[in-house]
Protein chains: 2
Amino acid sequence: MIDFYVDRTGSVPAYAQLVQQVREALRLGLLRTGDKLPTVREVVTSCAVNAATVLKAYRELELSGLVEARQGAGTYISGTLGGSADPAAMDRLRGRLRTWVGDARQAGLEDDDMRALVTSVLAEPPGELSAEQRAAQAQAAREQQNPRSAGPR
Amino acid sequence: MIDFYVDRTGSVPAYAQLVQQVREALRLGLLRTGDKLPTVREVVTSCAVNAATVLKAYRELELSGLVEARQGAGTYISGTLGGSADPAAMDRLRGRLRTWVGDARQAGLEDDDMRALVTSVLAEPPGELSAEQRAAQAQAAREQQNPRSAGPR
DNA sequence: GCAATTGTTATGGTTAACTAGAACACTAGT
DNA sequence: ACTAGTGTTCTAGTTAACCATAACAATTGC
């Protein structure tokens, strides 16, 4: 059971935070089709928000086909998000990212610095790879297909 | 000269978008002390927002010590953000991240999937559970929630 | 059938973000 | 001194998010 966390100090609407947490959990595989979301009243008491706010979040999720609400029963996951990726590949990517984050922290970068870097790289137009980057990418792809035969790091 | 971009379709306040763009440019080294920001009226015409909105953004930046506004002259960068990291190290980290993003794309991940992964890794305290352990925990929680049925209906 | 639980709707009020238009105050260049 | 460009303030209005309360509707479990 996902448990929500709402931060009212910022300017991010509470309902948007709830929606985003469900979407993120779906992307990470922490929620699957059939899983039950907390009831509206549970979220109301645990997050100190209004029922209409929770309902707005759940309704937005339902409109995008991610959940299904049934009166008297509850709200259940009914869709997927991106999760078409192989869990094992996902896990390898997470491990490499964890290493990268560790190195970045050691270089003095704060979390926000890393987030800015990610935003910047994701915004770069794809397909402008240098030969060096292409080689590195090919090597990494080989390692991902055959994780046992670890090549030069 | 930075040029702002404001998206009014979402629920993110316009002034917050301006602030965030300046902070991000500072973190990436795209803006330095002494650089001039666009004038209030320039932003008003280029982004179709109100002068009060731009002023609110610039004021917030000034309160956090990042910029300095001088009447009749303009608004200038007067502070730094995190960017204490060595530019060369920054470049290396960017290159590695670019490779990682390429591999993630090849594995079928969308940009939002990667963002969720980054958020998740940044949120885990040093020495956190591995992805497999987290998945196992999520599965156990699901089974405890729905002991006999596999889903709704 | 009945009671408890759940999602849903309705009404009204509060607050903050944003917009609009105008005017003011300071500075730099001529 | 003058003009133009700059940041700044003011008043007023619109919109959206959120809260509070209550009632309604459908399902579940006994």
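Residue numbers begin at 1 in each chain, while the letters A, B, ... track the order of the sequences.
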Participant: Using 0.5 Å steps for rounding, measure from the CE atom of A/M1 to the CG atom of A/L30.
Facilitator: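 Reported value, rounded in 0.5 Å steps: 14.0 Å.
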
Participant: Report the distance from atom CD of B/E68 to atom C1' of D/dT8, rounded to the nearest whole Å.
Facilitator: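 From B/E68 CD to D/dT8 C1': 16 Å.
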
Participant: How long is the gap from CZ on B/R59 to OG1 on B/T75, to the nearest 0.5 Å?
Facilitator: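 Between atom CZ of B/R59 and atom OG1 of B/T75 there are 12.5 Å.
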
Participant: May I have the list of side-chain donor-acceptor pairs in residues 31-41 of chain B shorter than 3.5 Å, sequence neighbours left out?
Facilitator:
from  : atom 1 : to    : atom 2 : distance (Å)
B/D35 : OD2    : B/R32 : N      : 2.8
B/T39 : OG1    : B/E42 : N      : 3.0

Participant: Respond yes when some side-chain nitrogen or oxygen of B/R8 is under 4.0 Å from OP1 or OP2 of C/dT19, and no when none is.
Facilitator: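 Yes, B/R8 has a side-chain N/O under 4.0 Å of OP1/OP2 on C/dT19.
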
Participant: Could you check which residues of residues 9-23 of chain A get a heavy atom under 4.0 Å from DNA chain D? Sort them by number, please.
Facilitator: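 DNA chain D contact set from residues 9-23 of chain A: A/P13, A/A14, A/Y15.
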
Participant: Under 3.5 Å, is there a donor-acceptor pair between the side chain of B/T119 and the main chain of B/R115?
Facilitator: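 Answer holds: yes.
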
Participant: What one-letter contact string describes nucleotides 5-16 of chain C from 5' to 3', where B marks a base within less than 4.0 Å of any protein heavy atom, S marks contact via sugar-phosphate atoms alone, and - marks no contact?
Facilitator: BBBSB-------

Participant: Quick one: CG on B/D3 to CD on B/Q21, what's the gap to the nearest 0.5 Å?
Facilitator: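 Answer for the CG-CD pair, B/D3 versus B/Q21, is 8.5 Å.
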
Participant: Below 4.0 angstrom, N of the basic side chain to O of the carboxylate: do A/R23 and A/E60 qualify?
Facilitator: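 No, no charged N to carboxylate O under 4.0 Å.
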
Participant: Linking I/L/V/M/F/W/Y whenever their side-chain heavy atoms sit closer than 4.5 Å, directly or via other members, would A/L55 and A/V19 fall into one cluster?
Facilitator: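 The answer is no; the residues belong to distinct hydrophobic clusters.
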
Participant: Is A/L122 reachable from B/V12 through a run of I, L, V, M, F, W or Y residues, each pair having side-chain heavy atoms under 4.5 Å apart?
Facilitator: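 Per the 4.5 Å side-chain linkage, B/V12 and A/L122 are not co-clustered.
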
